[in-house]
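Reviewing the structure listed below.
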Amino acid sequence: MTAFHKLIANVKTALERAPRPAEPGHAADGGAAMPVAGDLRRTELIAQFARELAAVGGVFLGALTADQARPRIVALARELGAKAAACGAGVTMDLAPLARALEQSGVAMTRADRKSVADRAAYRDRLAQADLGIVEAHAAIAATGTLAVVGAADRPNSLTLLPPANLILVHADRVMPDLAAAVAALGTATFVTNRVALITGPSRTADIEKMIVLGVHGPKQLYAIAVWPAEGAR
Amino acid sequence: MAAAKPDPAPDFFATSRAGVADAELRRKLENSTGRHLDHVAQMRAEFPPYDAERDAARAIKEDAIGRLDQLLIELKHQLEANGCTVFIAADAAEARDYILKVARQAGARRVVKGKSMATEEIALNPALEAAGLEVVETDLGEYIVQLRRERPSHIITPAIHLSKEDIGQLFADKLGIPYSAEPATLTAAARDRLRGIFLAADMGITGVNFAVAETGTLVLVENEGNGRLSSTLPETFIAVMGIEKVIPRLADVPHFLEILARTGTGQKLTTYTNFISGPRRKGEADGPGAMHVVMLDNGRSTMLADPVLREALYCLRCGACLNVCPVYRRIGGHAYNSVYPGPIGSIVSPNLFGSAAAQLPFASTLCGACRDICPVKIDIPRILLHLRWKEGQATPPIKWPADARRARAGVARFARMARHPRTMRLLTRAAAIFARPFAHDGYLKRMPGAFRNWTRWGRDFPAPRFRRRKHVP
Ligand code: SF4
């Protein structure tokens, strides 16, 4: 630890050469945890999210109930010509019925249950072959068209990384106005224990003459659905 | 082409002249930087809180750098609690040796790298290659310059000095694909090639944008997904961060993210913002088995000790000051002979590379465009002046080329004269009488003799006045 102590001593001496600034005035954490906005506000936020997502090259498939979302996703898989898809565990939703529906339509599904994930190399190979990766985000950000996806054992990070197309679901109540609200809503503990990826549109680059090209190392296509709670559940 | 290879005795005067003479390079730079500045202007206009967020971000940096010792202790503690191994590198050599040691112990052979200026700074790639490792840069721009065996010419857009035709030719030569100058085709070719490399890699190395002390979380922003892949797929992951990257709390991160992409790339937010707190946990399918964090000093504590220079540690490496700089836009990044070009490079390079970069603080018109665009409002011109003053005290002095020597001698004479107000007034009056027939609206369009260069490129010179200017209080 001597190296570290030496560094700290160095930094301390350096700091003493000039006075420390007065104690900071940190702004308070913005936003309470997962506020449930009124219906009108919710609709506005979802509309803004949809606009911003489109602006970065993503596609918003609509605000649907779970029963409407399932056939829409099956249709999407068909439009994409997807033969294989992978999905993680939901956050607020049970994605098992969706996976079954896709399987019935002839799409080979890779689930992220403990058994399939146990052989990590084999699981990764399957993801690398999958045409579509499906996850539920913990939150969305209206101001930027962003989806906050929290990695976990049953929701591997590679799901939103290896397949060439992604479908990300988000609960309609979890569309936050801005970044600060989303970070506050996820809570500090989540960031310590899980990997969090804020995803804003498909993978892209502007490295060649600052011209934008979508689909570099991550997915080239990104679809999102805001899912309303089931009829009568609220 | 400006000189690209690191020069054993880099001479800024020669390389900058070569840059200026290269009309094609200028066209490419104007094209890319212009496009970037348009996007930034639009972003700023569309986001009213922009300026308030800049102030908030700056205040956080001031606080963080002001108690860097405490925050580094907290960060190290938290990272270790999250399962990371932390290494403190006093200089570039220590950082390289450690990374090599980790690679050896892990039996790594293939290394994928996300974009990282810190690893450019410590010249990591040559060291890894010398040790027999295969190192592949995976950011598209970095991949392009690596294929050309060049260094990046910009800290955000490494291949800004190349046209799509240049890159098309490069890919045709090196990747054996049919020639195309279509960015989408070239990008797809790179994706194909690199995907296999990612899947086979056993070690990933990236930089860090922010390190949150409170939670021990590294924040990595990027657009392509290569940073995510580099930190997710390989069994060993090493993040290299300058010690100035630490910020106190997670709630600080949004303030930086709101301005970083808007200024750096003209986006609201980059495509991916990754929060990484530790290695793979039990039962997880991906993520590295081992995660190392290298905290790099390499001269940063020296900058910290200088009350003026300290401000440069607030830098987010957004790259905007390069794009807006009239000098950078004319000479290009390679002319600086440093991994850090442009205005911020002119500040940090002398501290990193000593006399080899001593001329750089003079490579500025002090126009202040960099200060105005900087997301954390770093007063770059002030620091440059400070460094010029310091250089004046240094030995050995800079070897100036002949024309610069003449100009400097002229300015020195003027400075001596200005110390004698009477003589000064007399001479000014004489000059005013002499200049009167040539002045238009109080300005001279053409200057004679030694002053010719002032007006040569369409810059007017205020005509000397017979009476002293009245000072308005
Ligand atoms: S000095 Fe400011 S403008 Fe320049 S790279 Fe750093 S943060 Fe960006």
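The sequence lines fix the lettering, A, B, ..., with proteins before strands; numbering per chain opens at 1.
For a residue to count as touching a neighbouring chain, one of its non-hydrogen atoms must lie under 4.5 Å from one of that chain's; by this rule V213(A) touches chain B with the side chain only. Only the side chain of E214(B) comes within less than 4.5 Å of a heavy atom in chain A; its backbone stays farther off. In this structure, chain B has no heavy atom under 4.5 Å from any part of A55(A). Interface remark: A121(A) contributes no atoms to any contact with chain B (heavy atom separation under 4.5 Å). With a threshold of 4.5 angstrom between heavy atoms, L194(B) approaches chain A through side-chain atoms but not through N, CA, C or O. Proximity to chain A is absent for every atom of I160(B), based on heavy atoms less than 4.5 angstrom apart. Proximity to chain A is limited to the side chain of R280(B), based on heavy atoms less than 4.5 angstrom apart. If you measure heavy-atom distances from A197(A) to chain B, the contacts under 4.5 Å come from both the backbone and the side chain. Of the atoms belonging to Q267(B), it is side-chain heavy atoms, and not backbone ones, that fall under 4.5 Å from chain A. Only the side chain of R124(A) comes within contact range of chain B, with heavy atoms under 4.5 Å apart. Contact of V56(A) with chain B is not made at all, since no heavy-atom distance falls under 4.5 Å. With a 4.5 angstrom heavy-atom cutoff, T160(A) touches chain B via backbone and side-chain atoms both. For S158(A), the parts lying near chain B are the backbone and the side chain together; criterion is any non-hydrogen pair under 4.5 Å. The contact between P219(A) and chain B is made by backbone and side chain atoms together, counting heavy-atom distances below 4.5 Å. Contacts between I212(A) and chain B at a heavy-atom distance below 4.5 Å are absent for every atom of the residue.
Closest heavy-atom contact between H217(A) and R195(B): O-NH2, 2.9 Å. For V117(A) against A285(B), the heavy-atom pair with the smallest separation is CG1-CB, 3.2 Å. The heavy-atom pair separating V11(A) from S301(B) by the smallest distance is CG2-CB, 4.5 Å. K164(B) and I208(A) get closest at one heavy-atom pair: CB-CG2, 3.7 Å. Looking at every heavy atom in both residues, G201(A) comes nearest to T271(B) through O-CG2, 3.2 Å. Taking both residues in full, the closest heavy atoms of F4(A) and I88(B) are given as CD1-CD1, 3.2 Å, listed atom of the first, atom of the second, then distance.
The residue among N31(B), T217(B), I73(B), N82(B) with the most heavy atom pairs within less than 4.5 Å of chain A is I73(B). Between chain A and the options L269(B), T138(B), N274(B), I243(B), the largest number of non-hydrogen pairs under 4.5 Å is found for L269(B). Counting heavy-atom pairs closer than 4.5 Å to chain A, the top-ranked of the candidates T302(B), D297(B), L257(B), L229(B) is L229(B). Listed options L214(A), D178(A), V192(A) were ranked by heavy-atom pairs under 4.5 angstrom with chain B; first place goes to V192(A). Counting heavy-atom pairs under 4.5 Å between each of T215(B), D286(B), L250(B) and chain A puts D286(B) at the top. Contacts with chain A were tallied for S277(B), A90(B), G225(B), G216(B); S277(B) has the most, counting heavy-atom pairs under 4.5 Å. The candidate with the highest count of non-hydrogen atom pairs below 4.5 Å against chain B, out of V183(A), T205(A), L161(A), N10(A), is L161(A).
Side-chain atoms of R195(A) do not come within 3.5 Å of backbone N or O of I276(B) as any donor-acceptor pair.
The closest side-chain donor-acceptor pair between T188(A) and R249(B), if any, does not fall under 3.5 angstrom. Side chains of T232(B) and N157(A): no donor on one and acceptor on the other come within 3.5 Å. Between the side chains of S203(A) and E224(B), no donor N or O sits under 3.5 Å from an acceptor N or O.
You'll find the side chain of L304(B) reaches within 4.5 Å of the side chain of L15(A), heavy atoms only. R228(B) places a side-chain heavy atom less than 4.5 Å from the side chain of I199(A). The closest side-chain heavy-atom distance from T270(B) to L198(A) is not below 4.5 Å.
Residue-environment remark: NZ (K210(A)) exceeds the threshold of 12 foreign heavy atoms within 6.0 Å. For CZ of R114(A), the number of neighbouring non-hydrogen atoms (other residues, nucleotides, ligands) closer than 6.0 Å is 12 at most.
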Do K268(B) and T146(A) pass the side-chain contact (heavy atoms from CB on, under 4.5 Å) test, and can you show the C-alpha distance, the side-chain angles, and the key distance before you say yes or no? CA-CA 10 Å; K268(B) 291 193 175 113; T146(A) 301; over 6 Å; no
I would like to know whether V212(B) and F191(A) meet side-chain contact (heavy atoms from CB on, under 4.5 Å); could you show each step before the answer? CA-CA 10 Å; V212(B) 182; F191(A) 288 87; over 6 Å; no
Show, in sequence, the C-alpha distance, side-chain angles and deciding distance for L233(B) and L162(A), and conclude whether the side-chain contact (heavy atoms from CB on, under 4.5 Å) test is met. CA-CA 10 Å; L233(B) 296 186; L162(A) 291 176; 4.2 Å; yes
Evaluate the side-chain contact (heavy atoms from CB on, under 4.5 Å) criterion for residues D207(A) and D139(B): first the C-alpha distance (whole Å), next the side-chain angles of each, then the deciding distance (0.1 Å), finally the verdict. CA-CA 9 Å; D207(A) 272 350; D139(B) 170 85; 3.1 Å; yes
Do T193(A) and R281(B) pass the side chain to side chain donor-acceptor pair (under 3.5 Å) test, and can you show the C-alpha distance, the side-chain angles, and the key distance before you say yes or no? CA-CA 9 Å; T193(A) 50; R281(B) 287 173 312 148; 4.8 Å; no
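Ion pairing between a basic and an acidic side chain is recognised when a charged N comes within 4.0 Å of a carboxylate O; K28(B) and E209(A) show no such pairing. Taking 4.0 Å as the cut-off between side-chain N and carboxylate O, R120(A) and E235(B) count as a salt-bridged pair.
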